[in-house]
Amino acid sequence: MIAPSPSFSRTNSPSGTSVALVSVLAVVIWLAGFVAWMAVSLLGEKACELGALTYDQTAECDAASTWGTVTLSTWLLAPIGCAVLLALLTAIPERHTGARQAALYAVPLVPLLVIAEAALAYTL
């Protein structure tokens, strides 16, 4: 005799409340990423102090402005990455609850990259 397959339980699938909470968390981290980008920009301003008559840039200035550009680009593209991951929640079938939860938990990690880049810019 073949045993019947267990019925699918929706309790393991991410609920609308958890999607909303993770989205709010991602927005808060994204706003904190703006502050991190501003800190990297201030680091670039300090490194690129140019005199009124000198137009020489130092190696620290080049590195700081590169990190500022990379951090700004990541900050601007983070909402697109979050939207793609949230769209994956609807594309992944409900029977793959592990993949759906992984996509949901990865949403706040995308804007967290901005803060990680800012920390890396300060350590270098």
Side-chain angles (χ1 to χ4, degrees):
M1 173 184 263
I2 298 175
S5 63
S7 63
F8 176 73
S9 172
R10 290 182 178 253
T11 58
N12 293 337
S13 183
S15 66
T17 305
S18 61
V19 171
L21 288 175
V22 166
S23 299
V24 168
L25 179 64
V27 168
V28 169
I29 294 173
W30 184 69
L31 292 174
F34 178 76
V35 175
W37 169 70
M38 290 300 294
V40 172
S41 295
L42 289 175
L43 181 70
E45 288 294 324
K46 288 169 94 177
C48 297
E49 288 182 10
L50 300 177
L53 299 175
T54 61
Y55 295 104
D56 297 330
Q57 288 189 350
T58 61
E60 295 92 14
C61 179
D62 291 338
S65 51
T66 300
W67 276 109
T69 303
V70 168
T71 307
L72 175 65
S73 301
T74 307
W75 184 76
L76 290 173
L77 293 174
I80 296 171
C82 290
V84 167
L85 285 172
L86 288 173
L88 279 175
L89 284 176
T90 60
I92 298 173
E94 288 191 13
R95 66 179 181 268
H96 300 296
T97 57
R100 290 173 62 92
Q101 287 177 349
L104 180 67
Y105 295 146
V107 169
L109 296 178
V110 174
L112 196 62
L113 287 173
V114 178
I115 297 172
E117 287 174 358
L120 191 58
Y122 267 92
T123 59
L124 299 178

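Along the sequence shown, the residues carry numbers beginning at 1.
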Next item on the list: Please test Trp67 against Leu43 for side chain to side chain contact (heavy atoms under 4.5 Å, CB included), starting from the C-alpha separation and ending with a verdict.
Entry: CA-CA 10 Å; Trp67 276 109; Leu43 181 70; over 6 Å; no

Item checked: Sole residue of Leu76, Val114, Thr66 in side chain to side chain contact (heavy atoms under 4.5 Å, CB included) with Thr71 ->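 The passing option is Val114.
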
Tell me the closest heavy-atom pair linking [X] and [Y], and the distance in Å.
| X | Y | answer |
| --- | --- | --- |
| Ala78 | Pro111 | CB-CA, 4.0 Å |
| Glu94 | Arg100 | CA-CD, 3.8 Å |
| Ala103 | Ile92 | CB-CD1, 4.4 Å |
| Pro108 | Ala26 | CA-CB, 4.1 Å |
| Val40 | Ala121 | CG2-CB, 4.1 Å |
| Ala87 | Thr90 | O-OG1, 2.7 Å |

Are [X] and [Y] grouped together when hydrophobic residues (ILVMFWY) are joined by side-chain heavy atoms under 4.5 angstrom apart?
| X | Y | value |
| --- | --- | --- |
| Leu31 | Met38 | yes |
| Leu72 | Val70 | no |
| Phe34 | Val28 | no |
| Leu109 | Val35 | no |

Check: Is Val19 close to Val22 at the side-chain level, that is, under 4.5 Å between some pair of heavy atoms?
Finding: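 No; the side chains remain at least 4.5 Å from each other.
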
Next item on the list: Taking the side chain as every heavy atom from C-beta outward, state whether Leu25 and Ile29 have any pair of such atoms under 4.5 Å apart.
Entry: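 The answer is yes; the side chains approach within 4.5 Å.
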
Which value, rounded to the nearest 0.5 Å, describes the distance between [X] atom [atom1] and [Y] atom [atom2]?
| X | Y | atom1 | atom2 | value |
| --- | --- | --- | --- | --- |
| Leu21 | Leu104 | CG | CG | 9.5 Å |
| Gln101 | His96 | CD | NE2 | 13.5 Å |
| Lys46 | Cys61 | NZ | SG | 14.0 Å |

Checklist line | Whether Trp75 and Trp37 hold their rings parallel, tilted or perpendicular, with breakpoints at 30° and 60° | finding: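 Ring orientation, 0 to 90° scale: parallel.
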
Margin query: For Leu112 and Ile115: C-alpha separation, side-chain torsions, deciding distance, then whether side chain to side chain contact (heavy atoms under 4.5 Å, CB included) applies.
Written below: CA-CA 5 Å; Leu112 196 62; Ile115 297 172; 4.2 Å; yes

Notebook entry, point to check: Are the side chain of Tyr122 and the backbone N or O of Ala39 linked by a donor-acceptor pair below 3.5 Å?
Noted result: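 At least one qualifying donor-acceptor pair exists.
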
